[in-house]
Amino acid sequence: MTGRKEPGPVQENGTEVTAAGIARLAGVGRAAVSNWRRRHADFPKPVGGTETSPSFALAEVEDWLSAQGKLAEVPLRERVWQQLAGHPQGPVTALVHVGCALLLVHDRPPVWLELSAGSDDRLAELLPASLDQVLTPRFGAIRRRAVDTPAADRLRPSVPLLRAAADLAAELGARKAYEFLLGRHLDANPRQYTLTPTGLAALMADLAGPAVTVLDPACGTGALLRAVAAAQDTKATGEQHLHGQDSAPELAALTALRLALHTRATVRTTAADTLRADAHGSLRADAVLCHPPFNERNWGHDELAYDPRWEYGFPARTESELAWVQHALARLKEGGVAVLLMPPAVASRRSGRRIRADLLRRGALRAVIALPPGAAPPYSIPLHLWVLRRPAVTAQPTQPEVLLADTGAFTADTRGGLDWQAVRTAVLDAWRPFDRTGTAPEQPGLSRSVPVIELLDDDVDLAPARHLPPSEAGGAERLADVRDRLGETLRLTGRLTPPPADPRGPTRWPLTTIGELARGGALQLRTGGNGGHARVPVLTDHDVLAGAAPSGTLPESDEEPVLTEPGDVVVPVLGGGSVARVVDGATAGAALGRNLALLRPDPAALDPWFLAGFLRGTANNRQASSYASTATRLDVRRLQLPRLPLEQQRTYGERFRALAEFEEALRLAGRLGEQLVRGMYDGLTDGTVEPG
C-alpha cells in the first residue's frame, strides 16, 4: 500500500460533498451545517447541485472545518466514501473500479505497490494490463462476462479514489474496505436495490446444504452466494463454483467482485435477463438459491411459450414466480436442492394451481415455510421459502409428503425486527429430520408433514397456516396462568401508583443543554445505525417507545456498532414523542439502532435517571424539535437540564425511577389483558374453553 494519509492536490474533477456529507464529516446534524452557512461568511460556496440541495468542494470543506476547530482530521474511511459518492462517472462505476483495484491489492500486492509508486497518469496507463492478469483467472475470459477490464481513459478520473481505497485496505483489509463502501452505497440508495437480509440468506444456505456448484439466477448484490460461500466446507467438498446472473450489469459486476474478495471459489457472473437470455443453459448445479423479483408481468410470457424449462406447466402471465421456480429446477442436477423466496400469494393463487399440483405429484416440492413479517422486503408481508429438489428423470414420486411450516409466532412484539436465531432453529429442527426420512413429527402451530394427497384438491392451497393444527399454547390452563399473572400485575400497579402531588409554583433553575454537557465531558453523545459483523441484538426506536427488549436487525457493516451499557440513556429522535430510556442489565450489550441517540453520563457528574426524567419533559422536547418536514425530528443537543448538585439530582432520579416502574407495570398489565381476552375468544370458538 502507499501509506499516504494526507490529502493530495485538488483535482479538476475534485470530489463534491452535500450538506448531509458535511454533517457526517463533522459529526453534527444537518441543522448545524445550515447554521454555519448562515453565520459564517467564509463558509465554502456551493460548486454544484441545486439551489435546494447544493454540493460543495470536499477539499474546501475540510480546510474550513479544520480552521474552525470543528474537525481535527477527516477519517480515512469518510474521505474515501465522499470521493466515491462524488465520482464524476457515478458511484456504481466507482465501486466497480475500486473493486477491481482492491482485488489487485488483495491478490498481487507487490504489483499494486510498484504501479502506485508512480504518477497518476502512469498508474492509469499501466493499471488495465495488471487488472486483466487478475480478472481473467478469477472470472474467466468468457464472452459477456460481467467484469471487463476498465480502459485507461475511464480509470483516470478514479485514480485518486483508488489510491485512497488502497490506503483504507491497508487499515481494514481489502475485503472489509470494499464491504464498507458497498454497504454505505446500499444504505444511501435503499429504493434502488432489493436486499436479502443476512439472517435470511444464512437460513436459505442452511436449507440448501453443502454444495460445490451453486447458482443464483437473480444475484442482486450477491448476499445469497456470499452466505453459501461462508457456510461451505471446501476442504470436505473440494473447490467451490459460484455462478450468478442479473439483468443489471452493475449488480453482476459488484457481485463478482464482492465474492472474489470473500472467497477463493471460482466465480462466474453474467449480465443478462435470466428468463429471456439464460446464460447457464448447460449448468447442472448442486444448489440454486434465488430471491427473484416479485409480481412481474413483463417476464417473457409471450416469447417463452415453448421453452423447455416449463416441465411442470406453462406459467400464466401473472405467475412470474412459478417461472423462476421451474428455471431453478431446470438448472439443478438430479437430487439438487433449490431454495427460493416467494410472496405468499404464489402458494394459493388459482392461476398457479396446476403447476403446484404437478410439483407435488412428481415430488419436486419438498417444503413451504412461512416466515414472520419483517423477514425481507416488503417487510409487512409474511414471505415464504420454497424448498425444491429435482427428481430423477425416470423415478416415480418418492416423497409422498411435503413439509409445511409457519414461523409467524416468532414475530417481534414491536416493529423493530425478529429473532433470526429462533426462526433458524425452528425451521432447521423441522426440516432436517424431514430431509433425512421424508416425514417429521408434528409440532402444533409450527410444522406438519402433510401427505401430498391431502393437498391435491381443486385449490392446491399450500399456505402452511391452513394445514397446521392449532398451537398447544392456548387452553384453559394457559389462560388461568395469564389471569393469575394479570392479577399480580394489577396489584403491583396499585402499589406503584404515585402519591398525590403537592401543589407548588414553577421553579426557575439555571439551565444547560446536552450539547454543552457533551462539550464539557459530563456525558458522551453517540448515534446508532451500524451493524458491524457480530450478530448481537439491536435496540430499535420502536423498542424504546414500547419498553420492549431489543428486537431489531441491522445490515452487516465494517463500522463498529455502538453497544449499550448499564446507565446509558437512549432517546428516539423521530416522531415527536417525549421518551427516554435508561439501559439496564437486560438491555446492556445491544447494538444501538437507527434514529436513536445514546447519552452516556459521567456518574460523577450526572445521575442517569435524573437525566432521563428531565429529557422526557413535554416542553423540553417541543423546544428542541424541528417541524420542517412531515416527520418531527428531535435535536438532542438542544435538550435542556437544570444545573443541580449530584445529591439533588439523585433525589429527582429516584422519583423518576419509580415512575418508570409504574409505567412498565401498566404496559405489562395491558399486554396480559390483551392475551387473556384473545385467549378467551379463541378458546370459546375452538371448543377448548367451556362457556360455563
Side-chain angles (χ1 to χ4, degrees), residues 1-16 48 57-59 76-77 79-175 177-178 180-182 185 249-250 252-261 267 269 271:
M1 319 310 170
T2 64
R4 297 182 303 111
K5 301 296 180 187
E6 295 302 320
V10 178
Q11 307 291 319
E12 290 184 1
N13 58 347
T15 301
E16 298 177 11
L58 175 60
L76 177 59
R77 63 173 59 194
R79 180 192 304 281
V80 179
W81 162 247
Q82 295 297 346
Q83 286 182 274
L84 188 146
H87 194 281
Q89 296 173 9
V92 174
T93 297
L95 275 169
V96 173
H97 291 178
V98 167
C100 293
L102 290 182
L103 192 57
L104 178 63
V105 170
H106 182 270
D107 285 6
R108 302 186 181 186
V111 175
W112 169 261
L113 287 174
E114 193 279 327
L115 292 176
S116 60
S119 66
D120 286 359
D121 286 340
R122 176 178 179 271
L123 177 58
E125 289 296 328
L126 298 181
L127 190 54
S130 297
L131 290 180
D132 203 43
Q133 294 174 10
V134 173
L135 298 179
T136 299
R138 280 303 198 101
F139 305 129
I142 60 172
R143 192 168 61 89
R144 297 188 305 167
R145 67 188 177 197
V147 186
D148 287 319
T149 303
D153 59 333
R154 288 186 60 78
L155 278 174
R156 190 166 284 104
S158 300
V159 167
L161 169 62
L162 301 186
R163 291 187 184 276
D167 290 341
L168 185 61
E171 288 188 2
L172 305 178
R175 180 186 67 82
Y178 196 61
F180 163 73
L181 295 171
L182 177 60
H185 172 69
E250 67 273 13
L254 294 178
T255 291
L257 293 165
R258 187 183 194 189
L259 291 172
L261 287 166
V267 177
T269 63

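For residues 89-109, every residue pair satisfying the salt bridge (charged side-chain N to carboxylate O under 4.0 Å, His left out) rule, not counting sequence neighbours, is listed here: Asp107-Arg138, Asp107-Arg264.
In plain terms, the two heavy atoms of Pro150 and Leu131 that are nearest each other are CD-CD1, 4.0 Å. Taking each heavy atom of Leu102 and Ala165 in turn, the nearest pair found is CD2-O, 3.7 Å. The nearest pair of heavy atoms linking Ala256 to Val267 is CA-CG1, 3.9 Å. The shortest non-hydrogen separation linking Ala271 to Pro249 is CB-CA, 3.5 Å. In this structure, Asp132 and Pro137 approach most closely via the heavy-atom pair O-CD, 4.0 Å.
By the 4.5 Å heavy-atom criterion applied to side chains, Thr269 and Phe139 are not counted as neighbours. Taking 4.5 Å as the limit, every side-chain heavy atom of Asp167 sits out of range of all side-chain heavy atoms of Val80. The shortest distance between side-chain heavy atoms of Glu125 and Asp121 does not fall below 4.5 Å.
Taking OG from Ser130 and CG from Leu104, the interatomic distance works out to 6.0 Å, rounded to the nearest 0.5 Å. Here Gln89 contributes atom CD and Leu161 contributes atom CG; the two are 10.5 Å apart, rounded to the nearest 0.5 Å. With rounding to the nearest 0.5 angstrom, the CG atom of Leu123 is 7.0 Å from the OG atom of Ser116. One distance of note links CG of Asp120 with CG of Leu127; it measures 11.5 Å at 0.5 Å rounding. Taking CZ of Arg163 as the reference point, atom CG of Leu168 lies at 16.0 Å (rounded to 0.5 Å). Between Leu257 atom CG and Leu182 atom CG the span is 10.0 Å, to the nearest 0.5 Å.
With sequence neighbours left out, Glu114 forms a side-chain hydrogen bond (donor to acceptor under 3.5 Å, both in side chains) with Arg122. Here Val92 pairs with His185, Tyr193, Glu250 under the side chain to side chain contact (heavy atoms under 4.5 Å, CB included) rule; sequence neighbours left out. Every residue meeting the side chain to side chain contact (heavy atoms under 4.5 Å, CB included) condition with Ala124, not counting sequence neighbours, appears here in chain and number order: Arg156, Val159. Applying the side-chain hydrogen bond (donor to acceptor under 3.5 Å, both in side chains) rule to His87 yields the partners Ser158; only residues at least two apart in sequence or on another chain are considered. Checked against side-chain hydrogen bond (donor to acceptor under 3.5 Å, both in side chains), Gln83 has no partners two or more places apart in sequence or in another chain. Here Arg154 pairs with nothing under the side-chain hydrogen bond (donor to acceptor under 3.5 Å, both in side chains) rule; sequence neighbours left out. A search for side chain to side chain contact (heavy atoms under 4.5 Å, CB included) contacts involving Pro128 returns Thr149, Ala152, Leu155, not counting sequence neighbours.
Of the possible donor and acceptor atoms, none in the side chain of Tyr178 sits under 3.5 Å from a partner among the backbone N and O of Leu103.
Cation-pi check for Arg77 over Phe180 is met; the charged atom lies under 6.0 angstrom from the ring centroid and within 45 degrees of its normal.
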